[in-house]
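For ligands, and for the atoms within them, numbers begin at 1 and follow the listed sequence. We use all heavy atoms of the structure for the numbers below, so side chains are in, but hydrogens, waters and symmetry mates are not.
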Amino acid sequence: MKCVVCGLRDAVVMQRHTGRVLCRDCFIKDVISRVEREIKKFHMFSDNDRLLIAASGGKDSYVLLDIILRLHDPSKIGVVTIVEGIEGYNRLEDVEKVRRLANVNGVDVIVLTLKDYVGYNLTELVSLGFNKDIRVSPCTFCGVLRRKAINEVARDLGFTKVLTAHNLDDEAQTIILNILRGDLFRLVQILPNGPMLSKLFVRKVKPLRKIYEEEVAIYAHLIDYEFQTTDCPYLRYFPSLRAKIREYLYKLEKEKPGALLNLIERIDAILAKHVSRYVNYPELPRCAICGEPTAYGRNYCMACELLTILGVSKPSYNRSSYLRFSPRS
Ligand code: SF4
Ligand code: ZN
Ligand code: ZN
């Protein structure tokens, strides 16, 4: 069967949400142009911005780097990876592929381990919690500390935007999660141009938010990404409500292709009418321990609170203990 766009080459991809069959080149072009459209629609970044890509090393961050390299000056791009330190799982092996792609394009890669950052790796933090019978999932420690570290590294190194590789499926799950919690405040923050509540935050944007996970996987395959064989062993602790929502949304999309894209577009349109309400919100308070922003009404940030609960008496963060791999040096 021939590609419905160019009519010349053989089709290799069935794009479920449009019902089209596409050749390799037209599929790749389609994904890039949709990402570009989303970046422009929400003014995610401009030519002058210095972009820091937060990479986990999986297919999503590899695809994000590949696309951003085609759309932005590589000398204004960096990649950061936080190595959690999880027994039986070597994050650096995954990141190696991203590092190679960054390297051939002259992009710096910054690697920071949790051990260097807070003095404990994730496995040590999880066992501290286990010994104290604290029921906090490893993914909570992981997510909270990674987000904090990435924001601080970006700010210290003068990056003006942080790009994460969340895809359409992730975004739809986050929307449903916040609707179920009745949390309009958090829901509004999914908008790429949502309110910035602290000067200490570097704005985070998600250029792949309208690209299905399946499309990201196909794109990765078409650009010869080697899929990893090991998963994080803590994946089974992944917050259970999100896992259930993910399963439900997967079924919904299978029965009604395009349903999740439609959901995000409608929610975006509704939220756009509410976003102005949050523009004049006061600056977030600062954590009494580390000085970073925390939620309204709180004295400590989540990271300091979690570490204190685990028995770490004076949480401190050594955010400059990263390694920098610079192809230019
Ligand atoms: Fe971190 Fe959980 Fe992902 Fe493992 S599965 S890397 S613990 S968020
Ligand atoms: Zn084609
Ligand atoms: Zn703090």
Applied to residues 185-220, the ring-ring contact (aromatic ring centres under 6.0 Å, His included) test, sequence neighbours excluded, yields H17-Y212, F185-Y278, F185-Y281
Under the ring-ring contact (aromatic ring centres under 6.0 Å, His included) rule, collect the residues that match up with Y117, sequence neighbours excluded. Y317
For atom 6 (S) of ligand 1, what is the closest protein heavy atom, and at what distance to 0.1 Å?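 Here the nearest protein heavy atom works out to R91 NH2, 3.4 Å.
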Could you walk me through whether R203 and T160 pass the side chain to side chain donor-acceptor pair (under 3.5 Å) check? CA-CA 7 Å; R203 185 180 279 285; T160 50; over 6 Å; no
Going by chain and residue number, what protein N/O/S atoms come nearer than 2.8 Å to atom 1 (Fe) of ligand 1? C142 SG
Salt bridge flag under 4.0 Å for residues [X] and [Y]:
X    : Y    : value
E213 : R246 : no
E124 : K115 : yes
D30  : R20  : yes
E292 : K148 : no
E84  : R146 : yes

If only side-chain N and O atoms count, and only distance matters, is there a donor-acceptor pair under 3.5 Å linking N48 with S46? no
L235 neighbourhood, listing ligand 1 atoms whose heavy-atom distance to it stays under 4.0 Å: 5 (S)
Which N, O or S atoms belonging to the protein are less than 2.8 Å from the Zn ion (ligand 2)?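 Checking every protein N, O and S atom gives C3 SG, C6 SG, C23 SG, C26 SG.
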Would L284 and Y296 satisfy side-chain contact (heavy atoms from CB on, under 4.5 Å), going step by step from the backbone distance to the final call? CA-CA 6 Å; L284 288 172; Y296 295 117; 3.5 Å; yes
